[in-house]
Participant: 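Mind looking over this structure? Questions follow.
Treat the numbers as computed from the prediction; the structure is a model and nothing was measured. In listed order, ligands and their atoms are each counted from 1.
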Amino acid sequence: MTLDLAAFAKDKGIKYFMISYTDLFSAQRAKLVPAQAIAGMQEEGAGFAGFATWLDMTPAHPDLFAVPDASSVIQLPWKKDVAWVAADCMMEGELVGQAPRNVLKKLVRQAAAEGKRVKTGVEAEFFLITPDGSKISDEYDTAEKPCYDQQAVMRRYDVISEICDYMLELGWGAYQNDHEDANGQFEMNWEFDDALKTADKHSFFKFMVKSIAEKHGLRATFMPKPFKGLTGNGCHCHISVWDNDGRINVFADREAEFGLSAQGKHFLGGIMKHASSLAAITNPTVNSYKRINAPRTTSGATWSPNTVTWTGNNRTHMVRVPGPGRFELRLPDGAVNPYLLQAVIIAAGLDGLRSRADPGPHHDIDMYAEGHLVKNAPRLPLNLLDALRAYDEDEGLKQAIGLEFSEAYLKLKHQEWNAYCSHFTQWERDSTLDI
Ligand code: ADP
Ligand code: MG
Ligand code: MG
């Protein structure tokens, strides 16, 4: 039974609905719709000019309608008058093929048709910075190894506990919060869920963290590498696959190496095979490549991968198997689109399952110190253009995630790369002026 949003509004005292969708560049777009008008909008959707957002449309396109998925509705815990609801983009009665939430829903359906239910948990790291974005907000947060800094996390208790309280109120199973490895950086964890639910929560989490930071006179950023020399914002994703009932974890096999079943290894094989191309989605910005290819940070390690390798419980590789029945993809960063992250994992993983892909040997070494000993480990792309080209050449992945999406994504991302290249930098003046 679909939840009736008008009745929900009456019941909860909601005055406005924020009908929200996420475009290809991760921007969340919304219309604030008064509760009096929500019944019609629940049917028809809220109208948008698609060209005004990053969806690869022209000004001549007909109206885009964002149709709320009532099952995703969340009353804002910090502003009870308003409820956020994720929407699916439609045009002239058809789903828009390249819209990220539609891309993910299609892959979830494909997985279900193959008897699989993908469950994931994300670790969306962020920095709390000054409102002008120039520096971290806590001037006393200067330790060389600031990870788990007890004093520094308590100086931000008002922000962190407020967000965590809200996650508890929403029933997300929040279970820990910490100061992360960079000065000014934090991580908050909640329980894993079905891929679409995790994507909706991940989107809402970003909105919530930014909103609560602003409320406290700060700013939150998920930018992959906001400060040179400091560890960047990762967005690790833990993955397991279950049967359609969600009762049996088909990745779990206590007898197998690392407790990862044959199906788990094939799914992982798909991720390994497509890693260099799927980076175009998991690491989608120019800045992303300053995180994964960074030199050692002041804390001693970047905690991000630069090669396509996997291992057991060891955080220096692209994939870690922390315990039985799941693995952690450490590649994605804070700029990742929450829906496309899940979509590309399912696309690559299903391809791996279908082709019984082999993840190759695992290397149980400190990749940061001994990585040179691993022969033939593919390097991750060095920049966004390399990643886009790798993606464009990966017909299998493009097919698996959807050609309509891939075409639109590549077009807009190449435009972004070209915009970056036409930007004159101080570095080139400094290094070229006197040549
Ligand atoms: P770490 O920092 O060690 O990588 P965290 O505790 O920060 O781990 O995050 C782990 C994430 O993995 C959480 O979201 C958790 O719910 C999720 N997770 C745990 N078990 C599974 C599983 N079987 N499948 C998918 N995600 C899982
Ligand atoms: Mg963590
Ligand atoms: Mg992690």
Participant: Output the distance between atom NZ (Lys225) and atom OG (Ser304), rounded to the nearest 0.5 Å.
Facilitator: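 With rounding to 0.5 Å, NZ (Lys225) is 6.5 Å from OG (Ser304).
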Participant: Check ligand 1 against Tyr175 and write out every atom of the ligand that is under 4.0 Å from a heavy-atom position of the residue.
Facilitator: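 Matching atoms, with element in brackets: 5 (P), 6 (O), 9 (O), 10 (C), 11 (C), 13 (C), 15 (C).
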Participant: List every atom of ligand 1 that sits less than 4.0 Å from any heavy atom of Glu187, numbering the atoms from 1 in the order shown and giving each element.
Facilitator: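 It comes down to these atoms of ligand 1: 7 (O).
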Participant: Output the distance between atom OG (Ser26) and atom CG (Leu340), rounded to the nearest 0.5 Å.
Facilitator: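 Result: 7.0 Å between the selected atoms.
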Participant: Enumerate the atoms of ligand 1 whose separation from the nearest heavy atom of Glu328 is less than 4.0 angstrom.
Facilitator: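 In order of number, 4 (O).
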Participant: Among protein heavy atoms, which lies nearest atom 2 (O) of ligand 1, and at what distance?
Facilitator: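 The protein heavy atom lying closest is Glu123 OE1, 2.9 Å.
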Participant: Suppose I only count heavy atoms of Gln176 and a 4.0 Å limit; which atoms of ligand 1 are within that range?
Facilitator: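 Counting atoms of ligand 1 from 1, those under 4.0 Å from Gln176 are 5 (P), 6 (O), 7 (O).
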Participant: Do Lys31 and Phe17 meet the cation-pi criteria used here (NZ or CZ under 6.0 Å from the six-membered ring centre, within 45° of the axis)?
Facilitator: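 Ring-cation test returns no.
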Participant: Relative to atom 23 (N) of ligand 1, which among Ser240, Gly173, Ala174 owns the nearest non-hydrogen atom?
Facilitator: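 Among Ser240, Gly173, Ala174, the closest heavy atom to atom 23 (N) of ligand 1 belongs to Ser240.
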Participant: Would you kindly say whether Tyr166 and Glu162 are connected by a side-chain donor-acceptor distance under 3.5 Å?
Facilitator: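 Yes.
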Participant: With a cut-off of 4.0 Å, which atoms of ligand 1 are near a heavy atom of Gly121?
Facilitator: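 It comes down to these atoms of ligand 1: 14 (O), 26 (N).
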Participant: So if I count the atoms of ligand 1 from 1 in the order they appear, which ones are less than 4.0 Å from some heavy atom of Arg320?
Facilitator: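 Selected atoms, number and element: 1 (P), 3 (O), 4 (O).
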Participant: Find the distance between OG1 (Thr53) and OH (Tyr21) and round it off to the nearest 0.5 Å.
Facilitator: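 Reported value, rounded in 0.5 Å steps: 3.0 Å.
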Participant: Looking only at N, O or S atoms in Glu187, which is nearest to the Mg ion (ligand 2)?
Facilitator: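 Restricting Glu187 to its N, O and S atoms, the minimum distance to the Mg ion (ligand 2) goes to OE2.
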Participant: Could you tell me whether a side-chain N or O of Thr198 sits under 3.5 Å from a main-chain N or O of Thr120, the two making a donor and an acceptor?
Facilitator: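 Side chain of Thr198 to backbone of Thr120, a donor-acceptor pair under 3.5 Å: yes, one is there.
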Participant: Go through the steps for His179 and Tyr148 under the test ring-ring contact (aromatic ring centres under 6.0 Å, His included), then give the verdict.
Facilitator: CA-CA 5 Å; His179 189 294; Tyr148 318 119; 9.1 Å; no
Participant: Strictly by side chain to side chain donor-acceptor pair (under 3.5 Å), give each pair with a member in residues 366-389 just once, sequence neighbours left out.
Facilitator: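 For residues 366-389, and leaving out neighbouring residues, the side chain to side chain donor-acceptor pair (under 3.5 Å) pairs sorted by first residue read Asn293-Arg379.
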Participant: Closer than 4.0 angstrom, basic N to acidic O: yes or no for Arg101 and Asp69?
Facilitator: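 Looking at Asp69 together with Arg101, the answer is yes, because their closest N to O distance falls below 4.0 Å.
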Participant: From atom 14 (O) of ligand 1, work out which of Phe192, Phe327, Trp190, Trp242 has a heavy atom at the shortest distance.
Facilitator: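 Among Phe192, Phe327, Trp190, Trp242, the closest heavy atom to atom 14 (O) of ligand 1 comes from Trp190.
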Participant: Atoms of ligand 1 less than 4.0 Å from Asn189 heavy atoms?
Facilitator: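 Reading through ligand 1 atom by atom, the close ones are 5 (P), 7 (O), 9 (O).
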Participant: Could you tell me whether Asp88 and Lys105 make a salt bridge, using a distance below 4.0 angstrom between a side-chain N and a carboxylate O?
Facilitator: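 Counted as a salt bridge, because a side-chain N and a carboxylate O are separated by less than 4.0 Å.
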Participant: May I ask you to decide whether Lys201 forms a salt bridge with Asp193, counting only side-chain N to carboxylate O separations under 4.0 Å?
Facilitator: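 The answer is yes: the pair qualifies as a salt bridge.
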Participant: Output the distance between atom CE (Met188) and atom CG (Asp178), rounded to the nearest 0.5 Å.
Facilitator: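 So the CE of Met188 and the CG of Asp178 are separated by 10.0 Å.
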Participant: Taking the Mg ion (ligand 3) as the centre, count the protein N/O/S atoms lying under 2.8 Å from it.
Facilitator: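 Protein N, O or S neighbours of the Mg ion (ligand 3) under 2.8 Å, waters not counted, come to 4.
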Participant: With rounding to the nearest 0.5 angstrom, report the NZ to OG1 distance, Lys206 to Thr221.
Facilitator: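 Spacing of NZ (Lys206) from OG1 (Thr221) equals 8.5 Å.
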Participant: Short list, please: which atoms of ligand 1 are under 4.0 Å from a heavy atom of Glu191?
Facilitator: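 Ligand 1 atoms under the 4.0 Å threshold to Glu191: 16 (O).
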Participant: For atom 12 (O) of ligand 1, which of His238, Arg330, His236 has the closest heavy atom?
Facilitator: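 Among His238, Arg330, His236, the closest heavy atom to atom 12 (O) of ligand 1 belongs to His238.
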Participant: Just heavy atoms, cut-off under 4.0 Å: does Arg315 contact ligand 1 by side chain, backbone, both, or neither?
Facilitator: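 The answer is the side chain.
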